[in-house]
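Because the structure is predicted, anything quoted here is derived from the model rather than measured. Side chains are part of it too, since the values below use all heavy atoms of this structure and drop only hydrogens, waters and symmetry mates.
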Amino acid sequence: MSSNQLSPVAAAPVGGGGTPDARQLRAILIAVSIALMAVIASVSGLNVAQTHMAVEWGASQTTVLWIINIYTLALAALLLPLGAIGDRWGRKPMLVTGLIVFGAASVVAGLAPSAAVMIGARVAAGVSAAMIMPITLAVITSTFPEKERGKAIGVWTAVAGGGGILGMFLSALLVDVANWRWLFVLPVVLVVVALAMTLKAVPNSRERSAHSFDALGALLSALAVIGLIFVLQEGPERGWTDPVTLISLTVGVAAALAFVAWELHRRDASLLDVRLFRERGPAGGSLTLLVVFGVQAGIAVVLFPFFQAVLGWSGLLSTAAMMPMAVMMMLTSALAPKMAARVGARSTMTAGIALSAVGLALMALFVSVDGGYPSILAGMLAMGTGMGLSMTPSTEALTSALPRAEQGVASALNDVTRELGTALGVALLGALLAGGYRSAIDDKLAGLPRGAADSARDGIANAVAVAPSTGSHSRALVHSAQQSFVEGWQQAMWAGVTVMGVLLVYVALRGPKRSDPAKAQEKAEAAETAAVQ
């Protein structure tokens, strides 16, 4: 199996007094879920404060986007290396350190006097988030007994999937009733609670290795993730043929290929055994997470301008409108382990992917300007249900592919897949929506002044903003922009249906047959015994 040859004996909790009882397991799960919630909420929460930051600091849109994106970039780039370091150093010390740094970074961000200080604080928050996020899942998979592990992973997945929307809602509420700087009160409070519970309830576990840390593999993985996510974040803004975009793409792809080659070469001390992806479980699980999180993130990009520019809702109301999908996702994530135990992981994942595709199709078929929110609600509910059913067994299939000694790496791989999927979904579905909108509105701008027409082509928000300056054309321009947005929406939804359809066929044929957390451990112990002999 993987070849770090970390001692399975050392995987037992250190100083924990044996196997935790039910009460301690519950406390552990609450602690890591709150820690995860702090990280996830900070990914999307700052989106609601873009305008406020730009006005207060006189910052450009590019600067504001970097304040938001640098957190995700630092988080994704360091997940694998820090997950592996957590396995060796100790999962509890890594989690505690991450929480302390994350809390301090959030305080600095809340008090930041300039955009430069804010960017620095967000980098520190992203680095510490990469210390927290993989460890939260690794603590579950290395601490919970097999019969309880699926349920715990279901709770973790529910927080990971719905936490972003819930965090955005709470952030929007704070901005609406107080000040945008109060956004950082939420992560600070969550960190304080998580830290107190971690120190009290979470046992430590660490692994010993006869080999040195794979520093080159860590560097190559970070370069690959930075290059690829930078392309997905900046490509829509700079243009896909911009030199910076092309250079970043080249670096990302070259580093990814070099990482795979290096890990295959250094079998006895690799950061990640890439041969895992020949197996059904990790291959199907990672691909499902990539697509499902990509579509979820892309849907959010589509939904918010629909609520705000088409329906004319506030940011807070728009965020609240996303909550039914998040609630369904969180409920079914927690129920998915029971279904997987009865009918199998592959059948559960297949049902979830099929429901997600149906949800996208419903939104594409029935969305309309006049129909408003009810025209998309059924699709949102189906989408949330499907995502919840597919995410938990996918996560378990991926983490159970690696032995207990490498759960930091397994969890980090799970998180990297989610982050890449999110960036990919935002870039692609956002581009499809923008392209469909421009194509549809081009034929509806006759008679408008050139400047107003050019602004209207840039997006529905621009069209609504410039409409009052067009005199008698104002009402017609707004209506045309709304209709064009719906046409672009439909193109993006049908593209999502197509991707989900391909994934459905793949998982139905090649998905994991069942969740088997003990399989990887048995392989690792057999490989180590053979090496000793």
Side-chain angles (χ1 to χ4, degrees), residues 47-69 115 233-245 298-318 321 363-364 367-373 375-376 426-495:
N47 281 312
V48 300
Q50 291 188 48
T51 303
H52 302 276
M53 290 186 294
V55 171
E56 181 164 334
W57 292 323
S60 66
Q61 180 63 21
T62 300
T63 300
V64 171
L65 288 176
W66 267 110
I67 290 173
I68 293 170
N69 291 338
Q233 289 179 344
E234 294 293 306
E237 293 291 322
R238 294 177 179 269
W240 298 106
T241 58
D242 183 84
V244 174
T245 304
I299 291 298
V301 170
V302 172
L303 282 174
F304 274 97
F306 177 77
F307 293 145
Q308 293 180 308
V310 175
L311 302 185
W313 290 358
S314 66
L316 179 60
L317 185 57
S318 298
M363 286 192 281
V367 63
S368 68
V369 177
D370 297 331
Y373 187 59
S375 69
I376 62 168
V426 169
L428 294 185
L429 288 186
L432 285 170
L433 172 64
Y437 168 84
R438 281 192 298 268
S439 176
I441 203 170
D442 270 340
D443 298 330
K444 302 171 183 175
L445 299 175
L448 286 179
R450 183 173 180 177
D454 290 341
S455 294
R457 287 188 186 94
D458 290 336
I460 185 170
N462 304 72
V464 172
V466 80
S469 67
T470 62
S472 60
H473 295 283
S474 177
R475 185 183 296 272
L477 176 57
V478 170
H479 182 71
S480 296
Q482 291 173 336
Q483 292 289 353
S484 299
F485 180 88
V486 166
E487 292 182 38
W489 164 300
Q490 290 171 322
Q491 290 186 29
M493 293 301 101
W494 287 123

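A distance of 6.0 Å separates CE in M363 from CG in L303, rounded to the nearest 0.5 Å. A distance of 9.0 Å separates CG in L317 from CG in L311, rounded to the nearest 0.5 Å. The distance from the CD atom of Q483 to the CG atom of D370 is 7.0 Å, given to the nearest 0.5 Å. In this structure, W57 CH2 and H52 NE2 are separated by 12.0 Å, a value rounded to the nearest 0.5 Å. Atom NE2 of H479 sits about 9.5 Å away from atom OG of S484, to the nearest 0.5 Å.
Between L433 and G488, the shortest heavy-atom contact is CD1-C, 3.5 Å. Shown here for A59 and V64, the closest heavy-atom pair between the two residues is CB-CG2, 4.1 Å. The minimum heavy-atom distance linking S314 with Q308 is given by the pair C-NE2, 4.2 Å. Of all heavy-atom pairs between W489 and I376, the closest is CZ2-CG2, 3.7 Å. Summarising the geometry of L429 relative to A492, their closest heavy-atom pair is CD2-O, 3.5 Å, with the distance given to 0.1 Å. Closest heavy-atom contact between F306 and S368: CZ-O, 4.0 Å.
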Give the C-alpha distance, both sets of side-chain angles, the deciding distance and a yes or no for side-chain contact (heavy atoms from CB on, under 4.5 Å) between T63 and M53.
CA-CA 10 Å; T63 300; M53 290 186 294; over 6 Å; no

Apply side-chain contact (heavy atoms from CB on, under 4.5 Å) to the pair I460 and Y437, showing each step before the final yes or no.
CA-CA 8 Å; I460 185 170; Y437 168 84; 4.1 Å; yes

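The list of salt bridge (Lys or Arg N to Asp or Glu O under 4.0 Å) pairs with a residue in residues 429-442, not counting sequence neighbours, reads D442-R457.
Counting heavy atoms from C-beta on, the side chains of L477 and K444 never come closer than 4.5 Å.
Under a 3.5 Å cut-off, the side chain of T245 and the backbone N or O of G239 do form a donor-acceptor pair. In terms of modelled atom types and a separation under 3.5 Å, the side chain of S439 and the main chain of G436 share no donor-acceptor contact.
With sequence neighbours excluded, no residue satisfies side chain to side chain contact (heavy atoms under 4.5 Å, CB included) with A431.
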